[in-house]
Number of protein chains: 2
Amino acid sequence: MKSTKIMKKKKPSRPMGRPRAFDADRALDRALHIFWRKGYEGATLSDLTKAMGINRPSLYAAFGDKETLFRKALDRYSEGPASYPFEALKEAIARTAIEKLLRRAAEVQTNPSTPGCLTVHGALACGDTSTAIRKELILRRERGEAAIFQRLKRAQSEGDLPPRSNPNDLARYFTTVIHGMAVQAASGASRSELERVIQTALRVWPK
Amino acid sequence: MKSTKIMKKKKPSRPMGRPRAFDADRALDRALHIFWRKGYEGATLSDLTKAMGINRPSLYAAFGDKETLFRKALDRYSEGPASYPFEALKEAIARTAIEKLLRRAAEVQTNPSTPGCLTVHGALACGDTSTAIRKELILRRERGEAAIFQRLKRAQSEGDLPPRSNPNDLARYFTTVIHGMAVQAASGASRSELERVIQTALRVWPK
DNA sequence: CTAGTTGTGTACCGGTCAGTAAAGATGTGG
DNA sequence: CCACATCTTTACTGACCGGTACACAACTAG
């Protein structure tokens with residue numbers, strides 16, 4: 001009977017001390033959604049604790065201060081709702097990959113509960129307290145553009161993109177369109193409206 | 001001697017009471033620049049009064065509360081640094097007009113002292129207190145898109161744009177590109193980088 | 001049982017926010 | 001000189017910000 005406890009060598013039973021009364025993963029998801037809707041500075045600790053269903057000291061014990069919590073939410077964002085770029089770019093044909101990327105972006109950005117893009121949302125506006133956060137978000141956006149660039153360069157080497165086209169310029173262009181779409185979405189643009197933008201934007205594709 | 005007073009029927013001499021010790025126009029310009037850099041919520045009254053060189057009660061007496069001041073700064077923005085769209089769209093050839101519009105946007109957005117676009121900057125992120133401001137900014141952005149649309153429709157009626165092209169979609173597309181450029185600029189993109197985006201973006205122009 | 005460890009809830013901290021009251025300063029009109 | 005109107009200055013208000021001290025609850029270890 002007690003053998004089960006003996007068999008498990010590491011952390012056999014429970015951690016000791018009073019057990020946590022909430023699901024940390026769930027709470028982090030709630031926090032992500034608040035940050036998504038309100039941005040880093042716009043989300044107050046009261047907003048966060050209320051949405052997460054926990055008290056302030058529990059938040060600090062489990063996630064650290066507001067900035068640390070935001071970075072953890074960002075990681076969750078990248079691995080969850082914002083993981084679509086890397087998936088889309090796996091498409092065999094470059095043009096299909098980019099179109100898929102844009103359409104998934106439109107889909108995510110027009111989700112009624114989380115309009116816009118967290119990375120764009122947080123980076124603009126707001127005071128001086130969040131300079132570090134702004135830099136972090138700029139970095140993440142650059143990472144997205146780099147992924148597009150790598151995909152286009154690969155396409156060029158595979159003959160999937162004309163040699164005279166410029167992957168660098170194209171990557172920056174599509175990144176710009178995605179960010180513009182995020183602004184449109186935050187302004188209330190519908191998914192179908194963004195789809196039409198995408199159809200127009202894709203007309204630059206080199207032949 | 002006193003005839004001068006009688007001749008001038010309206011507000012002949014000076015207003016009465018202690019004269020204002022600052023130039024209201026200058027002060028409003030300073031306020032505009034603060035809002036431009038920090039957004040509506042990011043700009044604190046201390047930031048504003050410091051930049052304007054006046055005390056808080058003077059600000060309230062001359063411009064009303066923060067929201068009223070912001071709207072006045074917005075008007076000044078539209079008539080000043082953001083008046084270029086209407087000027088650019090006066091170009092005789094539609095394609096030239098749009099290109100000029102985009103290039104002027106890039107120029108303004110990459111001004112080191114006021115990076116990005118006030119209209120985009122203020123609309124995203126931040127808390128619930130500024131819902132009215134957000135709506136106002138969305139309205140102004142829609143006004144910009146409408147101006148582009150009207151110009152393109154005119155071009156179509158003049159044979160300057162193919163009949164089968166869609167002015168509505170094109171207007172929204174170019175608006176999206178401009179907003180995307182604002183995000184790029186806020187992230188530190190240079191003017192020449194935005195110029196390359198523009199060259200790519202213009203390849204959608206219908207032939 | 002007791003001792004030790006960890007999470008929870010309340011109530012608070014200093015700082016900053018937007019906005020204002022009150023008194024003195026500086027002008028006009030008589 | 002006087003009354004009156006307007007602006008400037010200082011100092012304040014109440015609300016909210018992010019962050020935390022502290023007492024207590026809930027668990028493990030022995």
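Naming: A, B, ... by sequence-line order, numbering from 1 per chain. All values below come from the heavy atoms of this structure, side chains included, with hydrogens, waters and symmetry mates left out.
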Rounded to whole angstroms, how far apart are CZ on B:Phe63 and P on D:dC7?
11 Å
Starting from P on D:dG18, measure out to CG on A:Asp65 and report it in whole angstrom.
11 Å
Where protein sits on nucleotides 5-12 of chain C, one letter per nucleotide: B base, S sugar-phosphate only, - none, heavy atoms under 4.0 Å
BBBSBB--
Nucleotide C:dT16, atom P - distance to NZ of B:Lys38 in whole Å:
13 Å
Mind checking ring pair (Phe, Tyr, Trp, His ring centres under 6.0 Å) for A:Tyr77 and listing every partner two or more places apart, or none if nothing turns up?
A:Trp36
Determine which pairs satisfy salt bridge (charged side-chain N to carboxylate O under 4.0 Å, His left out) with at least one residue from residues 169-188 of chain A, sequence neighbours left out, and list them in order.
A:Glu145-A:Arg172, A:Asp169-B:Arg196, A:Arg172-B:Glu193
Ignoring hydrogens and angles, state whether a donor on the side chain of B:Thr68 or B:Asp65 is under 3.5 Å from an acceptor on the partner side chain.
yes
Mind checking side chain to side chain donor-acceptor pair (under 3.5 Å) for A:Ser157 and listing every partner two or more places apart, or none if nothing turns up?
none
Could you check which residues of residues 27-35 of chain A get a heavy atom under 4.0 Å from DNA chain C? Sort them by number, please.
none
Calculate the interatomic distance between B:Lys50 atom NZ and C:dC17 atom C1'; express it in whole Å.
17 Å
Contacts of B:Arg154 meeting side chain to side chain donor-acceptor pair (under 3.5 Å) (sequence neighbours excluded), chain-then-number -> B:Glu158
Side-chain donor-acceptor contacts of residues 42-53 of chain A below 3.5 Å, not counting sequence neighbours, with atom names and distances?
residue, atom, partner, partner atom, Å
A:Thr44, OG1, A:Ser46, N, 3.4
A:Thr44, OG1, A:Asp47, N, 3.1
A:Thr44, OG1, A:Asp47, OD2, 3.2
A:Ser46, OG, A:Arg56, NH2, 3.1
A:Asp47, OD2, A:Lys38, NZ, 3.3
A:Asp47, OD2, A:Thr44, N, 3.1
A:Thr49, OG1, A:Leu45, O, 2.9
A:Thr49, OG1, A:Ser46, O, 3.2

Starting at CG of B:Leu45 and ending at P of C:dT20, how long is that distance when rounded to a whole Å?
11 Å
Could you state the atom-to-atom distance from NZ of B:Lys66 to P of C:dT20 in whole Å?
14 Å
Degree of bending, the helix from C:dC1-D:dG30 to C:dG30-D:dC1 (end axes from five pairs; round to 10°):
10°
Could you tell me which residues satisfy side chain to side chain donor-acceptor pair (under 3.5 Å) with A:Ser83, sequence neighbours excluded, listed by chain and number?
none
B:Tyr84: which residues meet the side chain to side chain contact (heavy atoms under 4.5 Å, CB included) condition with it, sequence neighbours left out?
B:Leu101, B:Arg104, B:Ala105, B:Val108
Distance-only polar pair, side chains of B:Ser78 and B:Arg140, donor-acceptor under 3.5 Å:
yes
Residues forming a side chain to side chain donor-acceptor pair (under 3.5 Å) with A:Glu67, sequence neighbours excluded:
A:Arg71
Whole Å only: how far is the OH atom of A:Tyr40 from the P atom of D:dC17?
14 Å
Can you list the residues that meet the side chain to side chain contact (heavy atoms under 4.5 Å, CB included) rule with A:Gln150, with sequence neighbours excluded?
A:Lys153
